[in-house]
Amino acid sequence: MDTQFDILRKSRELVLKRIEGLSHEQLHKIPEGFNNNIVWNVAHLVVTQQLLHYKLSGLQCLVPDELIENYRKGTSPSEEMNEEDFEEVKELLAGLPDTLEEDYKEGIFKEYTEYPTSTGFVLSSIDNAITFNNLHEGIHLGTIMALTKLV
């Protein structure tokens, strides 16, 4: 699993590098043909990782409930996020992979509620969820890369 944690960290480093220096307006712009913006994608990565790994394992998520409600699957940007809150989201994006790895190695993920993803893949264990989440992160990294070219 060490490789999976490394992939997650690297993916998130790429996201942070890609959005570095973008203005508030650029981060919130929704280009024609898109349903969301860069801020939504970044926050969605944080939220989805928490839901797939912690919530489906019967554990408390490590992010605020409000963030989950606003950026989970099926949501879209409803209001702009202020710079201070977005800095916190970026800190979560960067730091949570280490917490996940520590928690995994401590063995806190003892149960898992089976979950059919929108791709048709059924998650049945924390190991499946960690691997699948990396696919999910790659999809959104690609979206963020496209968005940065259009803003």
Side-chain angles (χ1 to χ4, degrees), residues 1-57 59-106 108-109 115 117-121 123 126-151:
M1 287 305 289
D2 288 343
T3 300
Q4 296 299 326
F5 297 120
D6 291 343
I7 290 169
L8 178 58
R9 274 190 285 274
K10 186 60 172 177
S11 173
R12 289 183 172 199
E13 286 172 20
L14 292 170
V15 167
L16 291 169
K17 184 173 182 168
R18 188 69 184 214
I19 66 172
E20 191 175 308
L22 294 178
S23 69
H24 181 83
E25 292 75 25
Q26 288 173 308
L27 291 168
H28 288 88
K29 182 175 181 176
I30 303 174
E32 189 174 328
F34 285 81
N35 297 327
N36 50 50
N37 56 32
I38 294 168
V39 167
W40 184 90
N41 276 275
V42 172
H44 176 71
L45 290 176
V46 170
V47 165
T48 300
Q49 181 265 319
Q50 287 292 295
L51 293 174
L52 292 179
H53 299 152
Y54 289 84
K55 184 169 178 70
L56 290 172
S57 293
L59 301 169
Q60 185 70 35
C61 291
L62 307 176
V63 301
D65 290 341
E66 183 180 2
L67 191 70
I68 292 171
E69 290 309 311
N70 290 333
Y71 297 96
R72 69 184 318 143
K73 181 174 83 172
T75 64
S76 57
S78 57
E79 58 186 49
E80 289 191 2
M81 185 182 289
N82 68 47
E83 289 181 35
E84 182 180 317
D85 287 346
F86 190 56
E87 285 302 315
E88 289 179 24
V89 168
K90 290 191 303 185
E91 287 175 17
L92 290 167
L93 188 79
L96 285 173
D98 291 338
T99 305
L100 173 65
E101 183 175 19
E102 290 165 12
D103 288 345
Y104 180 85
K105 289 181 175 177
E106 285 186 27
I108 73 164
F109 300 102
Y115 177 74
T117 69
S118 56
T119 64
F121 189 78
L123 304 179
I126 187 62
D127 288 4
N128 290 160
I130 290 169
T131 302
F132 176 81
N133 185 66
N134 283 340
L135 167 66
H136 178 261
E137 299 252 344
I139 291 167
H140 285 277
L141 170 60
T143 300
I144 290 166
M145 291 171 75
L147 286 167
T148 60
K149 289 183 177 185
L150 300 172
V151 299

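This is a predicted model, so every value here is computed, not measured.
The CD1 atom of Ile108 sits 10.5 Å away from the CD atom of Glu102 when rounded to the nearest 0.5 Å. For the atom pair CD (Glu83) and NE2 (His24), the distance works out to 6.5 Å, reported to the nearest 0.5 Å. From Phe5, atom CZ reaches atom CG of Asp98 across 10.0 Å, with rounding to the nearest 0.5 Å. We find the CD-NZ distance between Glu13 and Lys10 to be 5.0 Å, quoted to the nearest 0.5 Å. The distance from the CG atom of Leu100 to the OH atom of Tyr54 is 5.0 Å, given to the nearest 0.5 Å. One finds the CG atom of Leu51 at 8.0 Å from the OH atom of Tyr115 (value rounded to the nearest 0.5 Å).
You'll find the side chain of Asn36 stays beyond 4.5 Å of the side chain of Ser76, heavy atoms only. Counting heavy atoms from C-beta outward, Thr131 and Phe121 have side chains that stay 4.5 Å or more apart.
Between the side chain of Ser11 and the backbone N or O of Gly138, no donor-acceptor pair lies under 3.5 Å. Using a distance-only test at 3.5 Å, with no hydrogens or angles considered, no donor-acceptor pair links the side chain of His28 to the main chain of Val39. Not a single donor-acceptor pair under 3.5 Å links the side chain of Asn128 to the backbone N or O of Leu123. Between the side chain of His53 and the backbone N or O of Gln49, at least one donor-acceptor pair lies under 3.5 Å. No donor-acceptor distance shorter than 3.5 angstrom exists from the side chain of Arg18 to the backbone of Leu141, with no hydrogens or angles considered. Within the 3.5 Å criterion, the main-chain N or O of Gln4 finds a donor-acceptor partner in the side chain of Asn134.
Smallest separation of non-hydrogen atoms from Leu16 and Ala94: CD1-CB, 3.8 Å. Here the shortest heavy-atom pairing between Ile19 and Ile144 reads CG2-CG2, 3.8 Å. Closest approach of Leu62 and Leu92 over heavy atoms only: O-CD2, 4.5 Å. What you find for Leu96 and Arg12 is that their closest heavy atoms are CB-NH1, 4.1 Å. For the residue pair Met81 and Ala43, the shortest heavy atom distance occurs at CE-CB, 4.4 Å. Scanning all heavy atoms of the two residues, the minimum distance from Thr148 to Leu22 falls at CG2-CD1, 3.9 Å.
Environment of NZ in Lys90: crowded, with over 12 heavy atoms of neighbouring residues, nucleotides or ligands closer than 6.0 Å. Counted within 6.0 Å of CG on Asn82, heavy atoms from surrounding residues, nucleotides or ligands total more than 12; the atom is thus considered enclosed.
A salt bridge between Lys105 and Asp2 is present, with a side-chain N of the basic residue lying under 4.0 Å from a carboxylate O of the acidic one. A salt bridge does not link Glu20 with Lys17: every distance from a Lys NZ or Arg NE/NH1/NH2 to an Asp or Glu carboxylate oxygen is 4.0 Å or more.
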**Request:** Carefully, step by step, assess Phe34 and Leu150 under the rule side chain to side chain contact (heavy atoms under 4.5 Å, CB included).
**Result:** CA-CA 10 Å; Phe34 285 81; Leu150 300 172; 3.3 Å; yes

**From CA spacing to verdict: side chain to side chain contact (heavy atoms under 4.5 Å, CB included), Val42, Leu27** = CA-CA 10 Å; Val42 172; Leu27 291 168; over 6 Å; no

**Message:** Show, in sequence, the C-alpha distance, side-chain angles and deciding distance for Tyr71 and Val63, and conclude whether the side chain to side chain contact (heavy atoms under 4.5 Å, CB included) test is met.
**Reply:** CA-CA 11 Å; Tyr71 297 96; Val63 301; over 6 Å; no

**Message:** Working note: Ile126 + Tyr104, criterion side chain to side chain contact (heavy atoms under 4.5 Å, CB included); need CA distance, chi angles, decisive distance, verdict.
**Reply:** CA-CA 9 Å; Ile126 187 62; Tyr104 180 85; 4.0 Å; yes

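Ring orientation note: the planes of His140 and His136 are tilted relative to one another, at an angle of 30° to 60°.
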